[in-house]
Structure formats: structure tokens, C-alpha cells
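Order of the sequence lines fixes the chain letters, A, B, ..., with proteins taken first and strands second; residue numbering starts at 1 for each chain.
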Amino acid sequence: MGNCKRYVQVAFFLLIIRPVLMIILGLRVLGRENLPCHGPAIVIANHNSHLDTLVLMSLFRLSDLHRVRPVAAADYFLRTPLASWLSHTLINIIPIVRTGDSEDDPLCPVYEALKRDEIIIFFPEGSRGVPEKILPFRRGIGRLVQSCPAVEVFPVFMHGLGKALPKGDPLLVPFFCDIIIGKAVDKTSYQDTDFTMKLEQQVKGLAADHVFPGWE
Amino acid sequence: MGDNIWQNPVVWGLGGIYGLLVVAALVVCGLCKSYPERNYSELIDRTRTWAVIITMVAIVTVMGTGAAVLFFGFISFLAFKEFLSIIPTRQSDRRVLFFAYLVIPIQYWFVYDVWYGMFSIFIPVYAFVVLAFLHLLTGETKGFIKAAGTLQWGLALTVYNLSHIAYLLVLPLKDPVVAGGAGLMLFMLFLTQFNDVAQYVWGKMAGRRRIIPSVSPNKTWEGFIGGVITTTLMAGFLASYLTPFSMIHGFVAGAVIAILGFIGDITVSAVKRDLGIKDSGKSLPGHGGYLDRLDSLTLVAPVFLHFTRYFYG
């Protein structure tokens, strides 16, 4: 990542994203100390809103920000030149192809990034889906985690962002949002076939002790 | 503030509050030293948060009306946002909620403008009509009364009622006193919080007969009555410095603050019970959420303003 691009990203988060998240929304973060400060690492979270990526990125130190790489769908985030520029410069995404008709593993660029010790943000539901509901995790995450046994995986549960800015509505409505960051997942007991399911349980388990009012 | 700030009782009042804060901090330090095996982290958090709250109130009190209107407007925003975050809402009402937020700057503009007529009817009359209309425009009738009702309730508690704190600063008085509106505000804020502590201490020391255990198991008649008497006496003492009240009215104001503070406290408790939560949030370490701290004030502020305005406005 070029230096100039890096400063643009830091300024974007410091001057726009962090103040907006802090004043308009209000984040209540539990377990911030669990967040990895160096790669290779994978952060997995439930997905309800475009804000999810920005919120997760805003929790990292500005000096680590250039190493944080959200995995995002190429067909959506690169659909216009402007979206592409924003996604690359400000969010620093790893675009992946969702169509699945190519021979190669679509997650190839993610493996490359992990080799460069980057911190991957991954939404295993594959889509923002229905607000404040967790869809079944897609199997890509299971394969990814299984094939990188040395890489630590951090589960995150987020509530409220799907109320503040859900799919299909550009109007931002302020709500307090809760972010729960779990400790690195202990994968030693995982069987070959159940990685995806176990990881899904990890993310859902973080919400177990809390009351979160969803939509009626 | 006047030319010579040392002649202003508000400055002395703020100094006294800081004095109490220092005493509280020393007591907490003493407890930690004497009983190192016990965990006082919540007490420490609570005292720290008090220091922040008191400092912010002191700053806006000294800076004057504009700063105070902005400050309390922001407090209303935080409390209203917290309320909307703990109640169940309908996704179809997102636009209505967005417009409900816009009520806050308008309401506080009426405070800044000292337009009492609009200040007192804007939310119950105009916001009521417009928000109910927006609710029905969504076309979703299932849950209509619950959605419209909870939204109005939240606005009343966190915006309409709390905006009365700021209005104390601009309220024209028949016979102005040195302390001015800032004195009235400080008098009410201090006594409301003082009453919370007094009821708690009396309840801890002598509490036996519970008032309404299904809502708030720790509230006892002994705590309530002890708190009312203590706050009433304190109010009678402070009134001559900070307010234009006669001694008798000072006592009455103290009793009004103590009783409404109690009702506000258990009202917010009932809301939390209904929603199945212990605290309204975790934004104020050691206290819980904003509503947990503002609960008493939500009912004290409007009645105290009307009391003052009726007799001295």
C-alpha cells in the first residue's frame, strides 16, 4: 500500500468515520483487548450493514489500519469506477469473485494476503441478508480456516448496525451499537467437516448472554 | 456571570460540589486501603464518572446559555438514542424515527429563543401530530399504537422533560437574583442527585418496609421518607443562596424534587423491568446508561420549572 494512499485512508477514518461512529451512532465495544494487532489473522463477524466493515476497521489502531483487509465481493464493490476507487483506497478491500465458475479458488487473494501477514475481515454469511438475523455461514470460511491452521481466528458479534443502516435503505438512523469481540478460537477439537458450523457457533455464542432488541 | 464572580453563589455552589467530590474520592481511597481484599472497582468507576459529569456541568454553567442549550440538547440526543436502542422498534418506522430525532434541535431552539409557548406545546401538540401521521403513512397498522406510543413516551421523557433543565437558564424572573438561572439549574441538579444518594443511604441504614418490590426491590419507605426529609432541609438551606425562593418555597421545592425524583427513578426501573434489562446501557462506567443517571431528572425538571415559573416567573 503506497504511503499517500495510506495517509488518505488514515485521514478518512480519523476525521470522518470515527467521529460519525462515535457521535451519531455510539459504539459499545466489549473485548476490544482481544482484537489482533498483527497478522496473519482472520476476523469473522456477522453481517447486516455496510457499516459493519467501517466499524470493525475503526476499532484498529490507525498505525495498523493499512494491514486490515476486508474481503468483499468484486461484482458489487467494483461495479463503477468511483466505487472501485473508494473500495480500494479508503477500505483497502480484497475483491473476490462470487460467481464461482472459474477454475481457481475464489479465495486465492485471501491466502496471498495472509502470507503477507495481513489481518483479514471476513463476513462468512456472504451477504448482508435480513437485518439483525444471522444467515447460515457459507462453507468458504471453513475451508479457509482449515487450510491455514497457524492463522488465528477472532469471532465478532455486532448488533444494531443493521438497524442504523440496513440493506436497501440509504438513510442512516442513529442507534447505539454493540460490538462483542471474542478471544481467538480454539480450533484443536474441530473435525474436518464441521469447521464452518463451529465457527458459526462461535459468533452466535458471543451474543448468548445479552439482550438485543431486534425489529418487531 | 457577573463582574465579580466571587460574589456569585453559583461559583460557591460549584466549589462546594467539587468539595463533596473530593470527600467522596478520599472515602473510596480509604475503603480501598482498609479492605484491599474487597472489589471496589464499580465504586471507583462511579466516582470517576461523577468527576466527569460535574466538570461538564460546571463548564456549561460558567459558559452560559448557548453552551448549556447545546450541552443539554446533546444529552437529550444521547438519552433518546439510548431509549430507541432498548425498545423494540419496527423496521418500517425507520423514517419516523429519523424525523423524531429532528425534534431535538427544534425543541432546544425554542429554549434558546426563550419562546415559552412553543417550548411547552411543540412536542405534545405538533410532534405528536406529525409523528403519528408519519407512522400511519408507512401503511403498517400492525403494532401501530405500540410504535406510536413508545416513540411519544421516549420523546416526552428524554427530550421534552429534559429540555426543561435548559429552560431554567433562560427563564425570566420577576425579581432577578445574583445566581440567576444558573443558580436555579444548579439547585435542581444538585438536589436531585443529592436526593438519590440520601434515599440510598437511608434505605441502607434503616430500610425495612418495601414500597413496590416488584418494580424496585431496594426502595423502602424508610429510605424514601428519610430522603424526602433530608432533601427538604437541604433545599431550605440552599434556596436563599441559589434561588429567589422564600424559605417555605425552598422547603416545598425540596420536597417536590425528592418525591418526583423517586417517581422518576422507579418509572425508569419499570421500563427496564418490562424490557428485561438491568441497565439502560453501559455508557457511564459505574452508573449504567444515560437513562440510569437521568431517571430522576426526567420527572423533576418539568415540575420544578413550572413550580418556579408559577411563583417567581
Got a sec: does the NZ of K133(A) have more than 12 other heavy atoms crowding it under 6.0 Å?
no

Which atoms of Y101(B) are under 4.5 Å from chain A, going by heavy atoms: the side chain, the backbone, both sets, or neither?
side chain

Does CZ belonging to F98(B) count more than 12 external heavy atoms closer than 6.0 Å?
no

Does a sphere of radius 6.0 Å around CZ in R138(A) hold more than 12 heavy atoms from other residues, nucleotides or ligands, not counting ones at 6.0 Å or beyond?
no

R48(B) CZ: over 12 foreign heavy atoms closer than 6.0 Å
no

Is it the case that over 12 heavy atoms from other parts of the model lie below 6.0 angstrom from the CD atom of Q201(A)?
yes

Mind checking the CZ-CG spacing from R94(B) to D169(A)? Nearest 0.5 Å is all I need.
4.5 Å

Considering heavy atoms only, which positions within residues 143-162 of chain B lie below 4.5 Å of chain A?
K146(B)

Between K81(B) (side chain) and F176(A) (backbone), is there a donor-acceptor pair under 3.5 Å?
no

Counting only pairs under 3.5 Å, give me each side-chain donor-acceptor contact of residues 62-71 of chain B, with atom names and distances, residues two or more places apart or in other chains.
none

Note: I87(B) and K163(A) closest approach over all heavy atoms is O-NZ, 4.4 Å

With a 4.5 angstrom heavy-atom cut-off, which part of F77(B) approaches chain A: side chain, backbone, both or neither?
side chain

If you count every heavy atom of other residues, nucleotides or ligands that lies below 6.0 Å from F77(A) atom CZ, does the total exceed 12?
yes

Please answer whether the main-chain N or O of G281(B) pairs with a side-chain N or O of R28(A) as donor and acceptor at a distance below 3.5 Å.
no

Side chain, backbone, both or neither: which part of L84(B) has an atom under 4.5 Å from a heavy atom of chain A?
both

Look at atom CZ of R139(A) and say whether more than 12 heavy atoms of other residues, nucleotides or ligands are closer to it than 6.0 Å.
no

Relative to chain A, which segment of Y290(B) carries a heavy atom at a distance below 4.5 Å: side chain, backbone, both, or neither?
side chain

Identify which part of L172(A) has an atom lying under 4.5 Å from any heavy atom of chain B, answering side chain, backbone, both or neither.
backbone

Given C177(A), G162(A), P174(A), the one with more heavy-atom pairs under 4.5 angstrom with chain B than any other is P174(A)

What's the spacing between L97(B) CG and F175(A) CZ if we round to 0.5 Å?
5.0 Å

